[in-house]
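A short write-up of the structure that comes next.
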2 protein chains.
Amino acid sequence: MPTPVAKNSHAELSSALRPALLRVTRMLRNQRADQSLTLTHLSALAALRLNGPMSAGELASFEKVQPPSMTKILATLEGRGLVRRDVHPSDRRQAIIALTPQGDSLLDSERRSRDAWLNKRMAVLTDEERGVLAAAIPVLVKLADQQ
Amino acid sequence: MPTPVAKNSHAELSSALRPALLRVTRMLRNQRADQSLTLTHLSALAALRLNGPMSAGELASFEKVQPPSMTKILATLEGRGLVRRDVHPSDRRQAIIALTPQGDSLLDSERRSRDAWLNKRMAVLTDEERGVLAAAIPVLVKLADQQ
DNA sequence: TATTGTTATACTCTATAACTATA
DNA sequence: TATAGTTATAGAGTATAACAATA
């Protein structure tokens with residue numbers, strides 16, 4: 001039986017949520033070994049696919065990292081030809097980042113490979129449990145976007 | 001409106017889950033600045049509170065890190081007097097790790113402080129959304145424990 | 001002056017490989 | 001031999017501070 005969590009206690013929810021998220025995220029990062037992209041880089045590409053081209057600052061904010069961290073992530077992605085950097089038409093300070101066709105296609109193949117790995121682990125869950133995870137995603141996103 | 005997720009597609013669930021977990025975990029780690037313990041160290045203490053004393057290897061496995069990573073985490077915690085290391089009575093290779101009274105009380109105060117911070121962000125969620133998160137915790141734990 | 005992004009730097013997090021001690 | 005844990009080492013992940021360019 002997994003850890004029980006009282007639904008009417010914020011404090012207990014917060015305390016239980018942190019280590020659960022930390023551990024499952026470690027599990028996801030640990031897949032990296034056999035992948036060509038780290039979770040960090042994959043997530044940045046996915047953000048560009050989801051939102052379309054955006055400035056480096058917007059991407060940093062969306063990904064919940066500081067601007068210098070995004071600079072480094074983008075240097076790697078650009079070096080591999082996965083993203084393109086265009087100057088904003090009316091504000092030359094801004095770098096508008098877009099997926100290249102190579103980035104788009106690597107995102108697809110990386111997702112297929114990672115999904116196959118994760119789906120295998122998801123197979124132990126019931127349909128109801130997978131439904132709970134699916135329902136949790138927009139809530140996690142809303143929470144991450146706080147502040 | 002948050003990202004919609006089809007509940008009957010494993011692949012889409014996996015693809016959507018990864019970045020959502022990554023981003024919310026970054027948000028949680030970013031609180032570190034004003035805390036005395038990192039999320040990594042807090043989680044290890046919480047694991048000891050939850051499970052009672054356990055070997056270093058069991059703790060590494062529970063926390064989803066490799067043994068050398070746990071060695072390092074424990075060195076810090078022991079250096080601060082938060083955990084104690086006892087030799088296993090019948091197998092002198094094993095180090096049995098236990099919370100000290102100081103570790104126990106620091107875990108409490110750290111949780112209070114972190115919970116206050118997170119609860120403030122949780123306040124934007126509805127009761128139903130918090131219920132969804134609470135329901136997701138055992139599922140995330142079950143998923144993390146796969147493999 | 002304020003904002004966008006980068007450079008320089010450092011610390012945290014974590015892993016793999018090789019080793020020691022014990023079983 | 002096999003297992004538990006540590007040491008040595010390196011790479012990934014990320015932050016703060018200081019800077020440059022532009023607005």
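Computed from a predicted model, the values in this text were never measured in an experiment. Numbers restart at 1 for each chain; the letters A, B, ... are given by sequence-line order, proteins then strands. These values consider heavy atoms only, across backbone and side chains, with no hydrogens, waters or symmetry-generated copies.
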**Asked** Relative to the 5' end of DNA chain C, which residue comes earlier, Asp91(B) or Ile96(A), by the nucleotide with the nearest heavy atom?
**Response** Ile96(A)
**Item:** Pair Leu125(B)-Leu133(B), side-chain contact (heavy atoms from CB on, under 4.5 Å): steps then yes or no
**Value:** CA-CA 10 Å; Leu125(B) 304 181; Leu133(B) 283 192; 3.9 Å; yes
**Request:** Output the single nucleotide from dT14(D), dA8(C), dT14(C) whose closest atom is nearest the side chain of Val65(A).
**Result:** dT14(D)
**Asked** Within less than 4.0 Å of OP1 or OP2 of dA4(D), is there a side-chain N or O belonging to Ser55(B)?
**Response** no
**Asked** Roughly, in whole Å, what's the span from CG in Asp86(A) to P in dT4(C)?
**Response** 18 Å
**Asked** Starting at CG of Leu42(B) and ending at C1' of dC13(C), how long is that distance when rounded to a whole Å?
**Response** 15 Å
**Prompt:** For residues Arg29(A) and Thr40(A), is any side-chain donor paired with an opposing acceptor at under 3.5 Å?
**Reply:** yes
**Complete:** Closest to the 5' end of DNA chain D, once Gln66(A) and Ser90(A) are matched to their nearest nucleotides, is Gln66(A)
**Request:** Describe the nucleic acid contact of Thr71(B) in one word from base, sugar-phosphate, nothing, applying a heavy-atom distance below 4.0 Å.
**Result:** base
**Message:** Does dT14(C) have its OP1 or OP2 closer than 4.0 Å to a side-chain nitrogen or oxygen of Arg29(B)?
**Reply:** yes
**Message:** Measuring from the side chain of Arg92(B) (C-beta onward, heavy atoms only), which nucleotide among dA23(C), dA8(C), dC13(C) has the closest atom?
**Reply:** dA23(C)
**Any Asn30(B) side-chain N or O less than 4.0 Å from OP1/OP2 of dT14(D)** = no
**Prompt:** Which of these passes side chain to side chain contact (heavy atoms under 4.5 Å, CB included) with Leu45(B): Leu77(B), Asp108(B), Asp104(B)?
**Reply:** Leu77(B)
**Item:** Candidate nucleotides dG5(D), dA15(C), dT6(D), ranked by approach to the side chain of Gln94(B) - the nearest
**Value:** dG5(D)
**Prompt:** Looking across every strand, which nucleic acid part, if any, lies under 4.0 Å from Thr38(A) by heavy atom: base, sugar-phosphate, or nothing?
**Reply:** sugar-phosphate
**Prompt:** Would one find a side-chain N or O of Ser69(B) under 4.0 angstrom from OP1 or OP2 of dA15(C)?
**Reply:** yes
**Asked** Within this structure, what is the CG-to-P distance between Leu59(A) and dG5(C), rounded to whole angstrom?
**Response** 10 Å
**Item:** Short side-chain to backbone donor-acceptor contact, Thr25(B) and Leu21(B), under 3.5 Å
**Value:** yes
**Item:** Gap between atoms CZ and P, on Arg93(B) and dC19(C) respectively (whole Å)
**Value:** 20 Å
**Message:** How many whole angstroms separate atom CD of Gln35(A) from atom P of dG11(D)?
**Reply:** 20 Å
**Request:** Using atom CE of Met70(A) as one end and atom C1' of dT3(C) as the other, report the distance to the nearest whole Å.
**Result:** 18 Å
**Item:** Proximity to the side chain of Arg26(B) - top-ranked nucleotide from dT6(C), dT14(D), dT14(C)
**Value:** dT14(D)
**Request:** Answer whether the closest heavy-atom distance between the side chains of Leu82(A) and Leu37(A) falls below 4.5 Å.
**Result:** yes
**Request:** Spell out yes or no: do the side chain of Lys72(A) and the base of dT6(C) have one donor N/O and one acceptor N/O closer than 3.5 Å?
**Result:** no
**Request:** Let me know the distance between CG of Leu37(B) and C1' of dT12(C), rounded to the nearest Å.
**Result:** 14 Å
**Request:** In whole angstrom, give the distance that lies between atom CD1 of Ile73(B) and atom C1' of dA15(C).
**Result:** 12 Å
**Request:** Give the intermediate values and the outcome of salt bridge (Lys or Arg N to Asp or Glu O under 4.0 Å) for residues Arg84(A) and Glu78(A).
**Result:** CA-CA 6 Å; Arg84(A) 189 178 74 233; Glu78(A) 194 182 20; over 6 Å; no
